[in-house]
**Student:** 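I am attaching a structure below and will ask some questions about it afterwards.
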There are 2 protein chains.
Amino acid sequence: MITLTEENYIKAIYHLSNNGTENVNTNAIAEAMSTKASSATDMIKKLSEKNYADYKKYQGVTLTEKGKRVAVNIIRKHRLWEVFLVEKLNFTWDEVHEVAEHLEHIKSDKLIDELDAFLEHPTHDPHGDPIPDKNGNFQHIDKIVLAKANIGVAYKCVGVDDTSTAFLQYLDSNGIALGTMITVIHKEPYDNSVKIQLKDTEIVVSQSVAKNLYLKKV
Amino acid sequence: MITLTEENYIKAIYHLSNNGTENVNTNAIAEAMSTKASSATDMIKKLSEKNYADYKKYQGVTLTEKGKRVAVNIIRKHRLWEVFLVEKLNFTWDEVHEVAEHLEHIKSDKLIDELDAFLEHPTHDPHGDPIPDKNGNFQHIDKIVLAKANIGVAYKCVGVDDTSTAFLQYLDSNGIALGTMITVIHKEPYDNSVKIQLKDTEIVVSQSVAKNLYLKKV
DNA sequence: AATAATTTTTAGACTTATCTAAATTTGTTT
DNA sequence: AAACAAATTTAGATAAGTCTAAAAATTATT
Ligand SMILES: [Mn+2]
Ligand SMILES: [Mn+2]
Ligand SMILES: [Mn+2]
Ligand SMILES: [Mn+2]
């Protein structure tokens with residue numbers, strides 16, 4: 001049996017490790033879980049004993065294949081529920097994350113398979129993140145960050161890195177959503193802010209916005 | 001903050017107390033929760049301290065108004081999720097209970113209000129049990145148990161008392177579902193079994209079936 | 001290479017929910 | 001009213017997950 005807490009740690013490690021490819025520090029895990037390093041150490045040991053992770057003292061931790069499977073499955077559930085909330089229950093993209101944090105732990109294969117079918121097998125969640133299929137395969141989008149976009153090229157907004165309410169509401173209030181067309185007009189070297197052309201308006205966004213918005217050439 | 005375990009105990013007490021009207025014994029609670037009397041005592045004390053229940057040592061417990069509100073809200077969530085699973089995700093009425101036991105603890109007013117609207121404000125769950133509205137009001141059906149039905153009168157099946165998989169699958173395999181028309185042909189005094197007329201067939205059901213099936217005159 | 005700073009682990013304590021075994025209270029018989 | 005039986009509570013332990021404070025290992029700096 002896997003506990004809810006174990007699932008949350010595994011998911012955090014998966015994200016911190018760049019989808020299970022890199023080693024992760026104890027402090028980074030503690031920070032991500034809003035807990036103390038000593039608690040993270042305890043959990044890392046437990047995950048290691050249960051073969052969800054490989055761990056050598058003082059050397060950080062990596063997810064095993066088993067651990068990665070668990071992580072991907074929780075991410076699948078999280079993102080499917082997010083789609084459900086937005087598509088069927090009138091949630092906005094800044095409201096879904098918290099509820100999905102809980103729904104992702106409901107254990108029922110039939111539930112998630114039927115939900116997937118009910119939503120007509122969506123490939124991306126409301127933040128543009130890919131939804132792994134039943135076998136754990138992601139559909140990868142070839143996206144770049146606004147900060148690296150070229151001047152004068154037409155792009156479409158396809159995702160966000162930061163999914164905080166504050167950032168998503170900032171985008172809302174500036175008329176930026178998934179699918180919005182964006183062209184870079186000017187990149188300001190002084191503060192790395194970017195002037196962009198939207199449908200009817202031109203706006204300037206800060207570097208932190210430019211680093212959290214994903215675009216795709218059209 | 002209320003814990004998941006507290007919610008489950010409160011719900012159990014609500015059901016055992018005949019919807020919050022009667023006093024409940026420690027042993028009955030322990031039995032319902034599949035735990036030991038000593039554990040039940042501990043939780044009863046805690047619920048009492050938190051004003052979900054009134055409790056005097058050795059005298060059993062009653063839910064307070066606050067406790068009843070919590071219970072009714074969980075029951076509302078449980079039954080709405082059951083409707084969702086059957087209506088939208090192709091679950092059968094014998095598959096929903098276990099998953100709903102978990103979904104009922106997700107805390108989001110928006111989620112449950114939107115789910116209610118999405119399902120078009122259902123009044124009864126897949127087992128015929130009434131779904132309380134947002135204010136906790138039940139829509140009462142005037143139902144009787146098959147064992148007390150009169151011979152020759154036309155009834156409609158409107159609910160079940162036992163929601164176990166075994167019982168529900170028994171009903172399935174005998175062509176009995178919510179909405180099925182039933183007329184009593186004969187009541188056998190020897191073992192209290194009942195011969196009933198369905199659409200095309202006549203079948204004999206045992207006393208335990210007759211006591212768990214609810215009917216309404218049409 | 002020695003020392004200092006940082007990171008990580010250990011030790012011991014706390015909380016929630018559970019258990020077993022023993023003690024207490026209540027209810028039922030004689 | 002005393003004795004017995006049943007129900008309930010208390011006492012003391014355990015497991016999961018957390019914390020603080022101290023110890024140990026690693027990494028960075030001189
Ligand atoms: Mn999310
Ligand atoms: Mn998302
Ligand atoms: Mn149920
Ligand atoms: Mn039900």
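In what follows, chains are A, B, ... by sequence order, proteins preceding strands, each numbered from 1. Because the structure is predicted, anything quoted here is derived from the model rather than measured.
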**Student:** Would you mind reading off the distance between A:N8 atom CG and D:dA16 atom C1', rounded to a whole angstrom?
**Tutor:**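 Result: 14 Å.
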
**Student:** Respond yes when some side-chain nitrogen or oxygen of B:K45 is under 4.0 Å from OP1 or OP2 of D:dT9, and no when none is.
**Tutor:**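 No, no such contact exists.
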
**Student:** Scan B:S38 against the nucleic acid and name what it touches under 4.0 Å (heavy atoms): base, sugar-phosphate only, or nothing.
**Tutor:**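 Base: the residue B:S38, judged by heavy atoms under 4.0 Å, touches a nucleobase.
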
**Student:** Separation of B:L47 atom CG from C:dT16 atom P, in whole Å?
**Tutor:**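 Result: 13 Å.
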
**Student:** Round to a whole Å and report the spacing from CG of B:L4 to C1' of D:dA16.
**Tutor:**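 Value for this atom pair: 15 Å.
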
**Student:** Quick check: on DNA chain D, is the nucleotide nearest A:S39 upstream (toward 5') of the one nearest A:K57, or the reverse? Name the residue that is more 5'.
**Tutor:**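 Counting from the 5' end, the first nearest nucleotide belongs to A:S39.
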
**Student:** Just checking A:T35: base, sugar-phosphate only, or nothing, at a heavy-atom cut-off of under 4.0 Å?
**Tutor:**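 A:T35: backbone/sugar contact only, no base atoms under 4.0 Å.
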
**Student:** What's the CD-C1' distance between A:E7 and D:dA16, to the nearest Å?
**Tutor:**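 My rounded result for the distance is 15 Å.
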
**Student:** In this structure, how many angstroms lie between the P atom of C:dA23 and the OH atom of B:Y58, rounded?
**Tutor:**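 Atom OH in B:Y58 sits about 13 Å away from atom P in C:dA23.
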
**Student:** Report yes if the distance between the aromatic ring centroids of B:H105 and A:H102 is under 6.0 Å, otherwise no.
**Tutor:**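 Between B:H105 and A:H102, the centre distance exceeds or equals 6.0 Å.
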
**Student:** Calculate the interatomic distance between B:Q59 atom CD and C:dT24 atom P; express it in whole Å.
**Tutor:**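 Going from CD in B:Q59 over to P in C:dT24 covers 18 Å.
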
**Student:** Answer yes or no on whether A:K88 is positioned over the face of B:F118, meaning its NZ or CZ is under 6.0 Å from the six-membered ring centre and within 45° of the axis.
**Tutor:**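 The answer is no; the distance or angle limit is not met.
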
**Student:** Are a donor atom and an acceptor atom from the side chains of A:T21 and A:N19 found within less than 3.5 Å of each other?
**Tutor:**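 No, no side-chain donor-acceptor pair sits under 3.5 Å.
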
**Student:** Rounded to whole angstroms, how far apart are CD on A:E6 and C1' on D:dA15?
**Tutor:**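 Taking atom C1' of D:dA15 as the reference, CD of A:E6 is at 12 Å.
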
**Student:** Check this for me: does any side-chain nitrogen of one of A:K110 and B:E95 sit under 4.0 Å from a carboxylate oxygen of the other?
**Tutor:**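 Answer for the salt bridge query: yes.
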
**Student:** For A:N27 and C:dT8, is the shortest distance between a side-chain N/O and OP1 or OP2 below 4.0 Å?
**Tutor:**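 Yes.
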
**Student:** So if I take every side-chain heavy atom of A:T5 and compare against D:dT9, C:dT10, D:dT18, which nucleotide ends up nearest?
**Tutor:**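 Selected nucleotide (nearest to the side chain): D:dT18.
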
**Student:** Could you tell me whether B:T26 contacts a base, only the sugar-phosphate backbone, or nothing, with contacts defined as non-hydrogen atoms closer than 4.0 Å?
**Tutor:**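 Result for B:T26 = sugar-phosphate.
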
**Student:** Can you find a side-chain donor-acceptor pair between B:W93 and B:D172 that sits under 3.5 Å?
**Tutor:**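 Yes - a donor-acceptor pair under 3.5 Å links their side chains.
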
**Student:** Assuming nearest nucleotide by heavy-atom distance, tell me which of B:G60 and A:D42 is located more 5' along DNA chain D.
**Tutor:**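 The answer here is B:G60.
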
**Student:** Nearest to the side chain of A:Y9 - C:dT10, D:dT18, C:dT18?
**Tutor:**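 For A:Y9, the side-chain atoms sit closest to D:dT18.
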
**Student:** From CE of A:M43 over to P of D:dA16, roughly how many Å is that when rounded to an integer?
**Tutor:**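 A:M43 atom CE is separated from D:dA16 atom P by 10 Å.
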
